[in-house]
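Numbering of residues begins at 1 and proceeds along the displayed sequence.
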Amino acid sequence: MTKKQRAKIIIEELEKLYPQTPIPLDHYSPFTLLVAVALSAQTTDKKVNEVTPALFKVADTPKAMASMEVEEIKEYIKEIGLSNTKAKNLKKMSELLLERHNGEVPESFEELEALPGVGHKTASVVMSQAFGHPAFPVDTHIHRLMTKWKLTSGKSVVETENDAKKLFPKSKWNSLHLQIIFYGREYSPARGKGDKDFITKMVI
């Protein structure tokens, strides 16, 4: 079976399982999505969703976030890993959005990745889910499953992203990266036995 054939089966099976792809992080604007994704690094989406409602009640715009002290921000996100660094990044990021972008979240990879605490994966999520641009953010589930499905070598997330973009139609990227994440969580967790992982059994 070729990589293209495996990719086709994977798309078909994921479409059956997850015809709808709601974004796992609660948000209601490009800025709140940017904040939520930045907070999600090395933390579960569930934990982020637990702390953001209170934070967004007082700071759901760059202006409001920039006006807070780092310690204030940290108090809202203290249950999240790396809260000290993330609080500093949120304040600086908000200040830069005001200085450089009139308080708006920029709609480009280059400008997003220039913000503190915003790497390529975070920028990819914002570009795809806030603005609808084709992107393929690679998280640990995607990197692991793409390797398991022999669609990439597993050497790096950069290579995994490039291989995914070559194998999967661009029109599917924005929903497919979420479908793979959902599948990983439900059927093939990293520490699970993989008994329910029927897609792997179909393509390998």
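- Partner of Leu39 under the side chain to side chain contact (heavy atoms under 4.5 Å, CB included) criterion, out of Val35, Thr43, Val37: Val35 alone.
- Among residue pairs with one or both ends in residues 81-91, those qualifying as salt bridge (charged side-chain N to carboxylate O under 4.0 Å, His left out) are Lys91-Glu95; sequence neighbours excluded.
- Note that CD1 of Ile199 and CG of Leu17 are 6.0 Å apart. Values are rounded to the nearest 0.5 Å.
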Legend entry - CA sep, side-chain torsions, deciding dist, call: Thr147, Ser153, side chain to side chain contact (heavy atoms under 4.5 Å, CB included): CA-CA 6 Å; Thr147 305; Ser153 70; over 6 Å; no
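- His177 approaches Gln129 most closely through the heavy-atom pair CE1-NE2, 2.9 Å.
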Inset, instruction - Evaluate the side chain to side chain contact (heavy atoms under 4.5 Å, CB included) criterion for residues Val105 and Leu112: first the C-alpha distance (whole Å), next the side-chain angles of each, then the deciding distance (0.1 Å), finally the verdict. - result: CA-CA 8 Å; Val105 175; Leu112 283 167; 3.7 Å; yes
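- Ser124 OG to Phe109 CZ: the interatomic distance, rounded to the nearest 0.5 Å, is 4.5 Å.
- Using a 4.5 Å cut-off on side-chain heavy atoms (C-beta onward), His141 and Tyr183 make no contact.
- Here the side chain of Asn174 pairs a donor or acceptor atom with the backbone of Ala135 at under 3.5 angstrom.
- In this structure, the salt bridge (charged side-chain N to carboxylate O under 4.0 Å, His left out) partners of Lys8, at least two apart in sequence or on a different chain, are Glu12.
- The list of salt bridge (charged side-chain N to carboxylate O under 4.0 Å, His left out) pairs with a residue in residues 108-127, not counting sequence neighbours, is empty.
- When every heavy atom of Pro24 is checked against every heavy atom of Asn49, the shortest pair comes out as O-ND2, 2.8 Å.
- Ser188 and Lys196 are not linked by any side-chain donor-acceptor pair at a separation below 3.5 angstrom, with hydrogens and angles left out of the test.
- Residue pairs meeting the side-chain hydrogen bond (donor to acceptor under 3.5 Å, both in side chains) criterion with at least one partner in residues 98-107, sequence neighbours excluded, are Glu107-His133.
- Between Phe56 and Phe31, a ring centre-to-centre spacing not shorter than 6.0 Å is recorded.
- Evaluation of the side-chain hydrogen bond (donor to acceptor under 3.5 Å, both in side chains) test over residues 60-74, restricted to residues two or more places apart or in two chains, returns Tyr28-Asp60.
- Ala64 and Val58 get closest at one heavy-atom pair: CB-O, 3.7 Å.
- For Thr21, the side chain to side chain donor-acceptor pair (under 3.5 Å) test picks out no residue, with sequence neighbours left out.
- Cluster membership for Leu98 and Ile73, using ILVMFWY side-chain heavy atoms within less than 4.5 angstrom, is not shared.
- To the nearest 0.5 Å, atoms CG (Asp139) and CG (Leu145) are separated by 9.0 Å.
- Contact between Ala36 and Asp26 at its shortest, heavy atoms only, is CB-O, 4.2 Å.
- With hydrogens and angles ignored, the 3.5 Å screen pairs no side-chain donor or acceptor of Arg6 with any backbone N or O of Ile204.
- For residues 160-182, the set of pairs meeting the salt bridge (charged side-chain N to carboxylate O under 4.0 Å, His left out) definition, not counting sequence neighbours, comprises Glu15-Lys172, Glu161-Lys165.
- Side-chain atoms of Ser128 come within 3.5 Å of backbone N or O of Val125 as a donor-acceptor pair.
- Each ring pair (Phe, Tyr, Trp, His ring centres under 6.0 Å) pair with one or both residues in residues 1-22, not counting sequence neighbours, appears once here: Tyr18-Phe182.
- The structure places OG1 of Thr200 at 4.5 Å from NZ of Lys148, a figure rounded to the nearest 0.5 Å.
- In this structure, Trp173 has no side chain to side chain donor-acceptor pair (under 3.5 Å) partners at least two apart in sequence or on a different chain.
- Qualifying side chain to side chain donor-acceptor pair (under 3.5 Å) partners for Ser29, counting only residues two or more places apart in sequence or in other chains: Thr32.
- Proximity of Ile80 to Ser40: side-chain heavy atoms (C-beta onward) are nowhere separated by under 4.5 Å.
- Rounding to the nearest 0.5 Å gives a distance of 7.0 Å between CG of Leu55 and CG of Leu90.
- Counting heavy atoms from C-beta outward, Leu115 and Leu34 have side chains that approach closer than 4.5 Å.
- When all heavy atoms of Pro116 and Asn89 are compared, the pair lying nearest together is CB-OD1, 3.7 Å.
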Inset, instruction - Decide side chain to side chain contact (heavy atoms under 4.5 Å, CB included) for Val138 and His120; before the verdict, give the C-alpha distance in whole Å, the side-chain angles of both, and the deciding distance to 0.1 Å. - result: CA-CA 9 Å; Val138 173; His120 182 65; over 6 Å; no
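- A donor-acceptor pair is defined here as one N or O able to donate and one able to accept, closer than 3.5 Å; such a pair exists between the side chain of Ser156 and the backbone of Glu159.
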Inset, instruction - With side chain to side chain contact (heavy atoms under 4.5 Å, CB included) as the test, would you mind laying out the steps for Gln179 and Ile10 before giving the verdict? - result: CA-CA 10 Å; Gln179 290 169 329; Ile10 289 162; over 6 Å; no
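- With rounding to the nearest 0.5 Å, the separation of CD1 in Ile77 from CG in Asn84 is 8.5 Å.
- When the salt bridge (charged side-chain N to carboxylate O under 4.0 Å, His left out) test is applied to Asp45, the partners found at least two apart in sequence or on another chain are Arg185.
- Shown here for Thr122 and Gly117, the closest heavy-atom pair between the two residues is OG1-O, 4.5 Å.
- Between Phe136 and Phe168, the ring planes lie parallel to each other; the angle is under 30°, not in the 30° to 60° tilted range.
- Scored by the side chain to side chain donor-acceptor pair (under 3.5 Å) test, Ser171 finds no partners at all (sequence neighbours excluded).
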